[in-house]
Every structure is written in structure tokens, then in C-alpha cells.
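Beneath this line is the structure, given in C-alpha cells, with notes to follow.
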Amino acid sequence: MWIIEAKYGEKDFYLKLEKEIFSLIDGEKNLFANLANISSWIYHTLPNLNWCGFYLWDKTDQELVLGPFQGKPACIRIKPHRGVCGAAYTQRKTVKVSDVNEFPGHIACDSSTESELVIPLIKNSIVYGVLDLDSPLKRNFTEIDEIQLTSIMNVVSDKIF
Ligand code: SME
């Protein structure tokens, strides 16, 4: 049984979250199993999320395709030039959107989403996909969330791809 000890708001939150995610994927090679558990862990740990999941780059179709997630059913395919996910993929950097209504081209999969944080999954300079976090609150994500989650996902990407 897995027990979530990381408590958002406590000063060692991201240290604990990183350790917990590493122990979740430790010794498991199956990509989809690892992504499923990571999306669940983050969904149940970060506050005010209505969606948390992965889009993976499909080399053949040249677009992002829905992967493991928590939340309501979502858009399946996203072109690289579309939405917040496409922006994070093509710019190869984390994109934090405090108010999705002000992001041109935002793709509204869930109408309750008000803010979004999308982190690219990069290993050896290849972008394998993105992690997308959605919140029903405007300005839900802080700069610390952005920096820490980006750093965790860099190390996680090294391990899982
Ligand atoms: N809003 C995203 C699309 C994915 S859903 O939020 C799950 C975007 O603009 O790329």
C-alpha cells in the first residue's frame, strides 16, 4: 500500500513528493504503469486539480496523444502548434497559464479548467511528451510549483524513457 506523506504547503513538500514518485517507479519498467501511478500521485497530492495527466508524442502521426491521466475524459490528439500542451512541447519548456481565457488557442477539454501548468518530458534532448495539470482556480500554480515540478519531471523522464 502506498501512503502519501507529502503535504502541500509544508516546506519539505517537494522533497517528499520527489522521493515518493521515485519510490513509485522504482524497479518498474512499464511506461504506462509508471505514468498512470505518477498522474494519480500528483492528482491526489497537489491542491485544486481537476485534471492531471500525460500526452505522449506520436512520431508517426506527429502529434501528442492522450496517455494515462486522472480526471474527466479529455481531448485525444493535440497538434504541436495547438494549445498549452503544444506550446510546452514545441518550446521545450514549462508553460504556466494563470488564466486559460487569456491564452490564445487554449484547448478547453474540461470547461471547469481556469489555470494550467504543462511540463515537457525531456531526455537526451528528445521531448517524449508533456505532463498537463489543470485547475478550476485561476492562478492556482506558483513559480515554486513550476520550478520544482519541472525539476522532478526532468529526473523522472531520465528514469522512465
Ligand atoms: N488544455 C490543454 C489540452 C489538454 S486538457 O486540458 C486535458 C491545452 O490547451 O493544451
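The figures that follow rest on heavy atoms only: side chains count, while hydrogens, waters and symmetry mates do not. First listed ligand is number 1; within each ligand, the first listed atom is number 1. Not measured: the values here are computed from a predicted model.
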Is there side-chain contact between Ile119 and Val95, with heavy atoms separated by less than 4.5 Å? no

How does Tyr55 reach ligand 1, if at all, at less than 4.0 Å between non-hydrogen atoms: by side chain, backbone, both, or neither? side chain

Which ligand 1 atoms does Trp51 reach within 4.0 Å, using its non-hydrogen atoms? 7 (C)

Heavy-atom nearest neighbour in the protein, as seen from atom 8 (C) of ligand 1, with distance rounded to 0.1 Å: Val84 N, 3.3 Å

Nearest-neighbour protein heavy atom for atom 4 (C) of ligand 1, which is reported as residue plus atom name and distance: Asp132 OD2, 3.3 Å

Residue pair Met1 / Ile3, side-chain heavy-atom distance below 4.5 Å: yes

Under a 4.0 angstrom heavy-atom cut-off, which atoms of ligand 1 come close to His106? 1 (N), 9 (O)

Where Val155 and Phe22 come nearest, the two heavy atoms and their spacing: CG1-CZ, 3.5 Å

Short N/O distance, under 3.5 Å, between Ala108 and ligand 1? no

Got the closest protein heavy atom to atom 2 (C) of ligand 1, with its distance? Glu116 OE2, 2.9 Å

Of the side chain and backbone of Cys109, name the one, both, or neither that has a heavy atom under 4.0 Å from an atom of ligand 1. side chain

Are any of the N/O atoms on Asp134, whether in the backbone or the side chain, positioned under 3.5 angstrom from an N/O atom of ligand 1? yes

Ser115 versus Ser98, side-chain donor and acceptor atoms under 3.5 Å: no

Which atoms of ligand 1 are found less than 4.0 Å from any heavy atom of Cys85? 8 (C), 10 (O)

Working to the nearest 0.5 Å, report the span between NZ of Lys159 and CG of Asn34. 11.0 Å

So does Asp61 pair up with Arg77, basic N to acidic O under 4.0 Å? yes

Counting heavy atoms only, which part of Asp110 comes closer than 4.0 Å to ligand 1: side chain, backbone, both or neither? neither

Taking both backbone and side-chain atoms of Ile107, is any N or O found less than 3.5 Å from an N or O belonging to ligand 1? yes

Which pair of non-hydrogen atoms, one from Tyr55 and one from Cys109, has the smallest distance, and what is that distance? OH-SG, 4.2 Å

Non-hydrogen atoms of Trp51 and Lys72 that approach each other most closely: NE1-O, 2.9 Å

